Number of protein chains: 2
Amino acid sequence: MDTPLAPSTLEMSNPQQTALEQPPELDIEELQRHMVVTRRKVAAGQYLYRNGQPFHALYLVHAGFLKTCELSEDGREQVTGFRMRGDLLGVESIGLAVHTCDAVALEDSQIWELPYPPVLNACLQVPELQIRLSSALAEEIRRDRSWMLTIGTLPAEQRVAAFLLDLASRLARLGFSARHFILRMGRADIASFLALKHETVSRALSHLEQLEYISVLRREVKLLDIPKLSACAGTPRTIQ
Amino acid sequence: MDTPLAPSTLEMSNPQQTALEQPPELDIEELQRHMVVTRRKVAAGQYLYRNGQPFHALYLVHAGFLKTCELSEDGREQVTGFRMRGDLLGVESIGLAVHTCDAVALEDSQIWELPYPPVLNACLQVPELQIRLSSALAEEIRRDRSWMLTIGTLPAEQRVAAFLLDLASRLARLGFSARHFILRMGRADIASFLALKHETVSRALSHLEQLEYISVLRREVKLLDIPKLSACAGTPRTIQ
DNA sequence: CGGATCTTTGAGCGGGGTCAAATTAGGTGG
DNA sequence: CCACCTAATTTGACCCCGCTCAAAGATCCG
């Protein structure tokens with residue numbers, strides 16, 4: 001146990017647990033009965049889609065890790081989330097002709113491309129799919145609002161603690177270790193997401209390590225005291 | 001022209017323009033063909049729904065003004081948005097049994113209650129409705145992300161400028177004056193929404209007034225120089 | 001091996017938070 | 001209608017958390 005995630009592999013090795021068979025929010029086999037689902041590979045650093053590109057599909061992450069970035073006309077940029085297996089991307093562009101944000105792979109990733117008008121048609125025919133899709137959109141809203149609460153009410157170090165716990169719980173749901181993992185993003189991305197500067201994130205991590213709540217070495221993180229971390233983050237988040 | 005919004009009336013007087021007939025995102029007459037839509041009145045200060053209450057309907061604001069608040073288990077609170085005529089509330093609870101946030105009326109309001117399972121059924125029968133609903137959810141995500149960008153990248157005064165411009169443009173879409181309006185919420189609510197303290201909002205407003213970009217007296221606001229305000233907010237937001 | 005990028009850490013500063021007080025508006029009951 | 005009370009807003013004074021600027025490793029790439 002306690003081996004970190006294999007860094008940057010397409011097969012996303014799963015050493016200790018077996019939860020990969022749990023269905024993602026959207027049932028891919030059901031979807032394939034209604035539309036042509038194409039697999040896409042996106043290399044680390046490449047865009048899955050960019051601000052301004054025509055919107056014609058939703059994307060389900062099958063493997064890998066991505067970030068989404070909101071952009072302003074005057075060049076400001078904000079990481080709005082990190083996406084992994086089972087997460088649905090592109091939903092924010094529903095109802096528009098073009099995407100309004102970027103999705104960038106942070107490691108080599110595999111994506112299922114769900115062509116958009118067909119998704120809607122499938123939902124019309126299969127009520128269960130419609131429920132899944134609207135639930136996924138609603139879940140996205142809840143996630144965003146939950147981070148607004150965190151960012152609006154917690155100081156830097158506690159935001160970082162909340163971030164680590166969130167990541168851990170999501171990894172755990174996918175069957176990976178919640179206590180030992182590799183960050184796929186740099187300090188600057190974490191900082192942007194948490195509305196901080198990268199130096200502040202670095203210092204927060206160092207301090208959490210000094211408190212012996214975690215251990216950090218570059219991108220390798222171990223959570224040593226999840227209860228204390230949780231108390232620190234304000235939300236007694238349950239992991240596993 | 002330039003009369004402020006009539007403060008706290010159910011009929012929401014509309015002195016200068018006539019845009020009330022423009023259809024809200026969801027067509028209420030179409031909905032009424034498929035379900036029992038009940039009108040609700042919510043007095044200022046009352047909850048439309050609260051965290052923990054069973055979720056059984058979406059709510060379309062017909063008149064009035066409300067805020068939504070995200071809550072944490074340890075008592076922190078964050079205003080996540082201000083809602084007015086045409087806005088859909090409760091969407092964040094889709095897929096759940098209970099609401100996970102509060103919706104509070106800031107003035108006496110009229111609400112159309114759309115019972116939830118029937119809404120889904122109507123969407124199955126009327127593709128146009130399904131498109132409207134998923135677009136409304138997606139729009140909500142875009143709004144939230146846009147505020148994440150603002151809060152994550154702009155200093156206090158510019159957040160306040162962005163807030164005023166956003167409010168102005170939404171009022172303009174409803175046919176009210178964008179240059180002269182009454183704030184329905186207190187400084188503390190604005191502050192929470194913008195991840196600031198109420199004293200900071202107060203100071204920012206005073207300073208914007210000193211710059212002669214706006215004039216403020218308690219809750220009455222006039223936008224004197226929208227181009228400069230927009231430049232200040234980073235986003236050349238177009239109003240009207 | 002050399003250069004670019006990422007991360008850490010330090011030193012110093014400043015924007016926004018905290019605490020406090022004054023002012024004003026608004027609501028209520030006499 | 002007014003006196004009183006409560007709540008909202010403004011403003012000042014001070015301080016501190018997080019930002020800025022800078023430099024020194026560390027890691028990864030060709």
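Here is how names work: the chains are called A, B, and so on, in the same order as the sequence lines, proteins then strands, and each is numbered from 1. Just so it is clear, the values below take in all heavy atoms, side chains as well, and ignore hydrogens, waters and symmetry mates. All values reported here derive from a predicted model rather than from experimental measurement.
- Classification of the B/Tyr49-B/Tyr59 ring pair by plane angle, with boundaries at 30° and 60°, yields parallel.
- As a whole-Å value, the separation of A/Leu196 CG from C/dG15 C1' is 15 Å.
- Ring planes of A/Phe65 and A/Phe82: parallel class, angle under 30° (limits at 30 and 60°).
- With 3.5 Å as the limit, one finds no donor-acceptor pair spanning the side chains of B/His99 and B/Glu92.
- Contact check for B/Arg173 versus B/Met84: no side-chain heavy atoms found under the 4.5 Å cut-off.
- Evaluation of atom-type donor-acceptor distances gives no pair under 3.5 Å for the side chain of A/Arg218 against the base of C/dT5.
- Where B/Arg203 and B/Ala188 meet DNA chain D, the nucleotide closest to each residue was compared, and B/Ala188 sits on the side nearer the 5' end.
- Rounded to whole Å, atom P of C/dT24 lies 17 Å from atom CD of B/Glu220.
- Once you apply a 4.0 Å limit to the heavy atoms of chain A, the touched nucleotides of DNA chain D run 5' to 3' over D/dG18 to D/dT27.
- Contact annotation: A/Ser202 side-chain N/O to C/dT9 OP1/OP2 distance is not under 4.0 Å.
- Rounded to whole Å, the distance from NZ on B/Lys197 to C1' on C/dG16 is 10 Å.
- Distance, A/Arg184 CZ to C/dC6 P: 17 Å, rounded to whole Å.
- Spacing between atom CG of A/Leu217 and atom C1' of C/dT7 amounts to 10 Å, rounded to whole angstrom units.
- A straight line from CZ of B/Arg187 to P of C/dG17 spans 16 Å, rounded to a whole angstrom.
- With a 4.5 Å cut-off on side-chain heavy atoms, A/Ile151 and A/Arg159 count as touching.
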